[in-house]
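Computed over heavy atoms, backbone and side chain alike; hydrogens, waters and symmetry mates excluded. Per chain, numbering begins at 1; letters A, B, ... match sequence-line order.
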2 protein chains.
Amino acid sequence: MTTSRRSGDSLPKRAHLHKVFDEYLSQLGLRQTRQRKIILDAVLSSGRHVDAETISNEVKKIDSSIGLATVYRTLKMMTDSQILVERHFGGDRASFEFADQGDEHHDHLICNQCHDIVEFYDEELEKRQELVAKNLGFVLKSHKMELFADCANSENCKRKNLK
Amino acid sequence: MTTSRRSGDSLPKRAHLHKVFDEYLSQLGLRQTRQRKIILDAVLSSGRHVDAETISNEVKKIDSSIGLATVYRTLKMMTDSQILVERHFGGDRASFEFADQGDEHHDHLICNQCHDIVEFYDEELEKRQELVAKNLGFVLKSHKMELFADCANSENCKRKNLK
DNA sequence: CTCTTTGCAAATCTTTTGCATGCTT
DNA sequence: AAGCATGCAAAAGATTTGCAAAGAG
């Protein structure tokens with residue numbers, strides 16, 4: 001039982017995330033601003049893994065006065081508010097993705113050739129990890145797993161230039 | 001079939017790694033230098049996961065004239081030569097660890113309480129990962145997997161302060 | 001001798017911060 | 001109004017690179 005999908009879905013979760021973020025702001029006495037809404041929308045409409053610069057570029061298309069520093073500050077807040085998670089794949093730039101919403105957990109397979117990222121979820125792996133941890137005397141709480149692989153057929157490989 | 005061990009082994013692999021590195025250099029027409037030997041020794045005698053600055057500090061104890069740039073350049077060469085692997089845990093600094101030597105592959109389980117790292121190897125997980133990749137149309141080449149867990153019994157938990 | 005290395009400093013790159021000004025509440 | 005936010009530019013931190021001098025084969 002393995003499920004997968006490539007980057008780039010989008011559901012009516014847009015409203016949900018805006019709400020979660022707004023509530024987070026209210027609770028801390030922070031303010032809802034034009035730029036924060038724009039940045040969240042940009043993240044929502046961008047790919048699954050985005051870096052600050054990409055977001056900044058998107059945001060500038062809508063309001064060129066919004067500075068890079070604000071993007072960084074806002075991405076950090078969204079991370080604090082638990083709607084985003086910060087990851088470090090390659091090494092240099094940080095990239096952000098939406099945090100798992102309830103049961104939406106997934107892992108990553110990264111193509112060695114085009115560096116495209118395929119997300120997948122495999123029940124067997126999840127169960128086995130839990131068992132392994134248990135056998136070592138622990139209770140599994142979370143994990144991070146990335147598979148690095150070569151394309152078996154070119155159809156899968158987009159040869160995208162993500163950088 | 002799961003095997004495990006705690007951090008901190010060390011075999012007479014020192015000589016082996018020096019040899020591997022030297023051969024790598026020879027093959028590319030590069031030179032064996034005093035600083036390169038010193039840097040490799042520093043990595044060998046440091047902990048399991050080291051960053052450039054840590055190595056630089058160690059190296060300076062032996063020869064204070066060795067510059068940080070040389071350390072970076074050398075770590076990169078050691079990564080190219082396959083004796084080291086570069087990892088990005090926290091985010092900012094890169095950290096290096098020795099690459100798996102032949103069959104020594106392992107994954108990490110990190111204790112949420114004491115942050116001790118237990119290394120393990122599980123055949124089932126390895127096989128399943130291969131299968132998952134294959135089903136997604138890829139050929140698995142390597143992976144990175146970290147399990148984060150709570151101690152089930154205190155005996156396992158060393159409450160070590162590994163920084 | 002020739003070509004690689006090195007150390008130093010300057011350059012990059014990404015991310016953070018200080019500050020005066022502009023906006024939400 | 002009062003206090004958070006923003007934009008800009010400068011600062012920081014990690015890693016890289018240019019260059020002339022030093023070293024390995």
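- The closest donor-acceptor contact from the side chain of B/T70 to the backbone of B/I66 lies at 3.5 Å or more, if one exists at all.
- In this structure a side-chain-to-backbone donor-acceptor pair under 3.5 Å is present from A/T79 to A/L75.
- A/L131 is not connected to A/V139 by any chain of hydrophobic side-chain contacts under 4.5 Å among Ile, Leu, Val, Met, Phe, Trp and Tyr, and they are in different clusters.
- A/K19 pairs by the side-chain hydrogen bond (donor to acceptor under 3.5 Å, both in side chains) definition with nothing, not counting sequence neighbours.
- Listed by residue number, there are no residues of residues 38-46 of chain B with a heavy-atom contact under 4.0 Å to DNA chain C.
- If you find the closest nucleotide of DNA chain D to B/A52 and to A/L68, the one lying nearer the 5' end belongs to A/L68.
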Report all side-chain donor-acceptor pairs from residues 25-35 of chain A shorter than 3.5 Å, counting only partners two or more places apart or in another chain.
{"residue": "A/S26", "atom": "OG", "partner": "A/D22", "partner atom": "O", "Å": "3.0"}
{"residue": "A/T33", "atom": "OG1", "partner": "A/R36", "partner atom": "N", "Å": "3.2"}
{"residue": "A/R34", "atom": "NH1", "partner": "A/D63", "partner atom": "OD2", "Å": "2.3"}

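- Residues that satisfy the salt bridge (Lys or Arg N to Asp or Glu O under 4.0 Å) test with A/D107, not counting sequence neighbours, are absent from this structure.
- Of the candidates C/dT17, C/dT15, C/dT25, C/dT17 carries the atom nearest the A/A69 side chain, counting heavy atoms from C-beta on.
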N/O-N/O pairs, protein side and nucleotides 4-6 of chain C side, under 3.5 Å:
{"residue": "C/dT4", "atom": "O4'", "partner": "B/R31", "partner atom": "NH1", "Å": "3.2"}
{"residue": "C/dT5", "atom": "OP1", "partner": "B/R31", "partner atom": "N", "Å": "3.0"}
{"residue": "C/dT5", "atom": "OP1", "partner": "B/R36", "partner atom": "NH1", "Å": "2.9"}
{"residue": "C/dT5", "atom": "O5'", "partner": "B/R36", "partner atom": "NH1", "Å": "3.2"}
{"residue": "C/dT5", "atom": "O5'", "partner": "B/R36", "partner atom": "NH2", "Å": "2.9"}
{"residue": "C/dT6", "atom": "OP1", "partner": "B/T33", "partner atom": "OG1", "Å": "2.9"}
{"residue": "C/dT6", "atom": "OP2", "partner": "B/R36", "partner atom": "NH2", "Å": "3.3"}
{"residue": "C/dT6", "atom": "O3'", "partner": "B/Q35", "partner atom": "NE2", "Å": "3.2"}

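- Overall bending of the helix from C/dC1-D/dG25 to C/dT25-D/dA1, expressed as the angle between end axes built from five pairs apiece, is 30° (10° steps).
- Not a single side-chain hydrogen bond (donor to acceptor under 3.5 Å, both in side chains) links B/S81 to another residue, sequence neighbours left out.
- The CG atom of A/L75 sits 13 Å away from the C1' atom of C/dT16 (whole-angstrom rounding).
- In this structure, the side chain of A/S45 engages the main chain of A/D41 through a donor-acceptor pair within 3.5 Å.
- The stretch residues 33-82 of chain B participates, sequence neighbours left out, in these ring pair (Phe, Tyr, Trp, His ring centres under 6.0 Å) pairs: B/H49-B/F89, B/H49-B/H108.
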Item to complete: Walk me through it: do B/H143 and B/E126 pass the test side-chain contact (heavy atoms from CB on, under 4.5 Å)?
Response: CA-CA 9 Å; B/H143 72 248; B/E126 304 287 323; 3.2 Å; yes
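- For the residue pair B/A133 and B/L140, the shortest heavy atom distance occurs at CB-CB, 3.9 Å.
- Formation of a donor-acceptor pair under 3.5 Å by the B/S46 side chain with backbone atoms of B/A42 is found in this model.
- For the segment residues 53-60 of chain A, no residue has any heavy atom less than 4.0 angstrom from an atom of DNA chain D.
- For A/E130, there are no side-chain hydrogen bond (donor to acceptor under 3.5 Å, both in side chains) partners, not counting sequence neighbours.
- Atom-to-atom, CZ of A/R93 to C1' of C/dT12 comes out at 12 Å; the value is rounded to the nearest Å.
- Ion pairing between B/E146 and A/K144 holds under the 4.0 Å rule for side-chain N and carboxylate O.
- Regarding contacts with the backbone of C/dT16, a side-chain N or O of A/K76 is found under 4.0 angstrom from either OP1 or OP2.
- A nucleotide of DNA chain D counts as in contact with chain B when one of its atoms lies under 4.0 Å from a heavy atom; the first and last such, 5' to 3', are D/dA14 to D/dG25.
- Here B/N135 pairs with nothing under the side-chain hydrogen bond (donor to acceptor under 3.5 Å, both in side chains) rule; sequence neighbours left out.
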